[in-house]
Amino acid sequence: MSKNKKIRKSKWLVNTVLAIICLIWTIPTLGLLVSSFRPAADILSTGWWNILPHRDWQTSEQLQLPKETDLREPIKVNGATYTDDQLRAGVEVNGERLIWENRRARLLNVQDKHWTIISSFTTQNYETVLGGKSYSITMPDGTTKTEKGSGMSRSFWNTIAVTVPATVIPIFIASFAAYAFAWLRFPGRKTLFVIVIALLVVPLQVALIPILRDYTSLGLNGTYFGIWLAHTAFGLPLITYFMYTSISQLPKDLFESAFMDGATNFTIFSKLILPLSVPALASISIFQFLWVWNDYLVSLIFLGSQPEVQVLSMNIANMVGSRGNDWHLLTAAAFVSMLMPLAVFFALQKYFVRGMLGGSIKG
């Protein structure tokens, strides 16, 4: 086998494996998206894949049994007898299926299999989740249940109010610190940098109780300013180290020329460092934004779970606890929480790979 054929074969194998991995990751997400637009009754009765062409039971006629039919006794239908449990699950007879349409009304469906798709979609799930709109759902037994939605719009804006400052502030501070560690000479520089690196291995959980006590005494607990400080403190070590690996690889000649022209450190930082570090800034911004946006523990400890300050992660956790069977709401809530991280990632993705490779090679 020639070298070119081996290369083509290896590329084909790699592409195939990547395609399979992408498919495995995409199918659950597609199912979640489809379910978020399906009516609640359809979610309870059929799987999301039923939107694809498939053979399914379709009602061809209905049989009305006598009102006095005792469901505790064998039930006669077309000369045969069945139990109530059999008719609940569905009984197949000569290619047809008998199943209850309404037990109380003693109404039976006679069904045949036909090719069909389920194409009923609705935006009511999102209206219920975002606006707290009341909704009614027909259960499989024919009963109707009415409940009030969650009203996640407030939690959405609360999460933005927490995430944006908690992303911008630590990146701004860490960029200054990374420049100082990389290019400035001052006493204790190496010691301070080692301390910063050492903080990367300290679990944030060990600091929660001491910080909470200080917050309580200072009146910062339950405030946005307090949660911004907490996320800034927990994010600074990683962001500083990440920015240091990028800034330290910039050409030394740039700084020497700038100093010879009389530029100050602030001018060098704002005119040279920041423009050249855009890929690294975009990459670490994605990581910090996603971490803060999906955070549950830190927000619960320092912000609380009151409705006026509750973030999305807490709201969804409450929905799982109180409405574990309301999949139509949970799927819609999941996609509401995914919108902003996806928007941030796709907006900055062109810088992502460049930023991740920054500092890995020289020259």
Side-chain angles (χ1 to χ4, degrees), residues 130 150-181 192 195-244 266 269-270 274 277 280-318 333 336-341 343-345 347-348:
L130 291 174
S150 301
M152 291 184 64
S153 57
R154 185 167 190 173
S155 298
F156 182 85
W157 292 114
N158 289 341
T159 309
I160 290 180
V162 170
T163 306
V164 173
T167 301
V168 174
I169 295 173
I171 290 177
F172 181 75
I173 297 174
S175 299
F176 274 109
Y179 170 65
F181 285 133
L192 289 175
I195 293 174
V196 170
I197 300 304
L199 290 174
L200 289 172
V201 301
V202 178
L204 64 87
Q205 290 83 356
V206 302
L208 295 180
I209 299 303
I211 295 177
L212 181 60
R213 290 177 178 174
D214 294 336
Y215 270 30
T216 303
S217 62
L218 295 173
L220 293 176
N221 199 36
T223 65
Y224 284 123
F225 184 68
I227 192 69
W228 296 342
L229 289 179
H231 280 303
T232 298
F234 294 137
L236 271 176
L238 176 61
I239 301 174
T240 302
Y241 177 70
F242 187 92
M243 292 303 301
Y244 172 83
F266 182 79
F269 179 80
S270 58
L274 290 183
S277 301
L281 290 170
S283 298
I284 198 61
S285 295
I286 292 174
F287 284 112
Q288 179 69 4
F289 187 94
L290 292 179
W291 185 78
V292 178
W293 183 272
N294 295 319
D295 169 68
Y296 176 85
L297 179 61
V298 176
S299 296
L300 178 64
I301 297 297
F302 298 115
L303 194 61
S305 58
Q306 298 301 318
E308 59 270 13
V309 294
Q310 190 179 65
V311 295
L312 277 175
S313 57
M314 296 182 197
N315 197 313
I316 295 176
N318 291 338
V336 169
S337 68
M338 291 167 57
L339 288 178
M340 188 59 66
V344 170
F345 178 79
L348 302 177

* **Non-hydrogen atoms of Val202 and Ala198 that approach each other most closely** => CG2-O, 3.7 Å

* Asked: Going through the checks in order, is the side chain to side chain contact (heavy atoms under 4.5 Å, CB included) test met by Phe234 and Ile211?
  -> CA-CA 11 Å; Phe234 294 137; Ile211 295 177; 4.0 Å; yes

* Below 4.5 Å, heavy atoms only, C-beta onward: do Ile160 and Trp157 meet side chain to side chain? -> yes

* Asked: Can you say whether the rings of Trp228 and Phe225 are parallel (under 30°), tilted (30 to 60°) or perpendicular (over 60°)?
  -> perpendicular

* Euclidean distance, Met243 CE relative to Tyr179 OH, rounded to 0.5 Å -> 13.0 Å

* Any side-chain heavy atom of Tyr241 within less than 4.5 Å of one from Val196? -> no

* What's the shortest heavy-atom distance between Pro170 and Leu236, and which atoms? -> O-CD2, 3.5 Å

* To do: Could you tell me whether a side-chain N or O of Asn294 sits under 3.5 Å from a main-chain N or O of Ser313, the two making a donor and an acceptor?
  => no

* Asked: In Å and rounded to the nearest 0.5 Å, what is the CG to OG distance from Leu274 to Ser175?
  -> 6.5 Å

* Option passing side chain to side chain contact (heavy atoms under 4.5 Å, CB included) with Leu208 (candidates Val206, Leu212, Leu204) -> Leu204

* Asked: Side-chain contact, heavy-atom cut-off 4.5 Å: Tyr224 with Asn158?
  -> yes

* **Where Ala333 and Met152 come nearest, the two heavy atoms and their spacing** => CB-SD, 3.3 Å

* Structure fact -> To the nearest 0.5 Å, atom CD1 of Ile316 lies from atom CD of Gln310 at 10.0 Å

* Got a donor-acceptor contact below 3.5 angstrom from the Gln288 side chain to the Ala166 backbone? -> yes

* Asked: Taking Ser299 for the side chain and Tyr296 for the main chain, is one N or O donor matched with an acceptor at less than 3.5 Å?
  -> no

* To do: Assess whether side chain to side chain contact (heavy atoms under 4.5 Å, CB included) is satisfied between Met340 and Phe289, documenting all intermediate values.
  => CA-CA 10 Å; Met340 188 59 66; Phe289 187 94; 3.4 Å; yes

* Asked: Pick one: which of Ile173, Thr167, Thr232, Ile171 meets side chain to side chain contact (heavy atoms under 4.5 Å, CB included) with Ile239?
  -> Ile171

* Asked: Is the side chain of Ser277 donor-acceptor paired with the backbone N or O of Ala280 at a distance under 3.5 Å, no angle test?
  -> no

* **Main-chain N/O of Val311 paired with Asn315 side-chain donor or acceptor, under 3.5 Å** => no

* Asked: CZ/Phe287 to CG/Leu238 distance, rounded to the nearest 0.5 angstrom?
  -> 8.5 Å

* Drop me the distance from Asp214's CG to Leu229's CG, to the nearest 0.5 angstrom. => 12.0 Å

* Before giving the answer on side chain to side chain contact (heavy atoms under 4.5 Å, CB included), spell out for Phe242 and Ser283 the whole-Å C-alpha distance, their side-chain angles and the decisive distance to 0.1 Å. => CA-CA 10 Å; Phe242 187 92; Ser283 298; 4.0 Å; yes

* Asked: How far apart are the closest heavy atoms of Val309 and Gly222, and which atoms are they?
  -> CG1-O, 4.5 Å

* Is Thr159 reaching over with its side chain to a backbone N or O of Leu312, donor-acceptor style, under 3.5 angstrom? -> yes

* Asked: Between Asp295 (side chain) and Trp291 (backbone), is there a donor-acceptor pair under 3.5 Å?
  -> no

* Output, in order, the C-alpha distance, side-chain angles, deciding distance and verdict of side chain to side chain contact (heavy atoms under 4.5 Å, CB included) for Phe266 and Phe176. => CA-CA 9 Å; Phe266 182 79; Phe176 274 109; 4.1 Å; yes

* If you round to the nearest 0.5 Å, how far is CD1 of Ile301 from CG of Asn221? -> 9.0 Å

* Asked: Is there a donor-acceptor pair closer than 3.5 Å between any side-chain N or O of Tyr215 and the backbone N or O of Gly226?
  -> yes

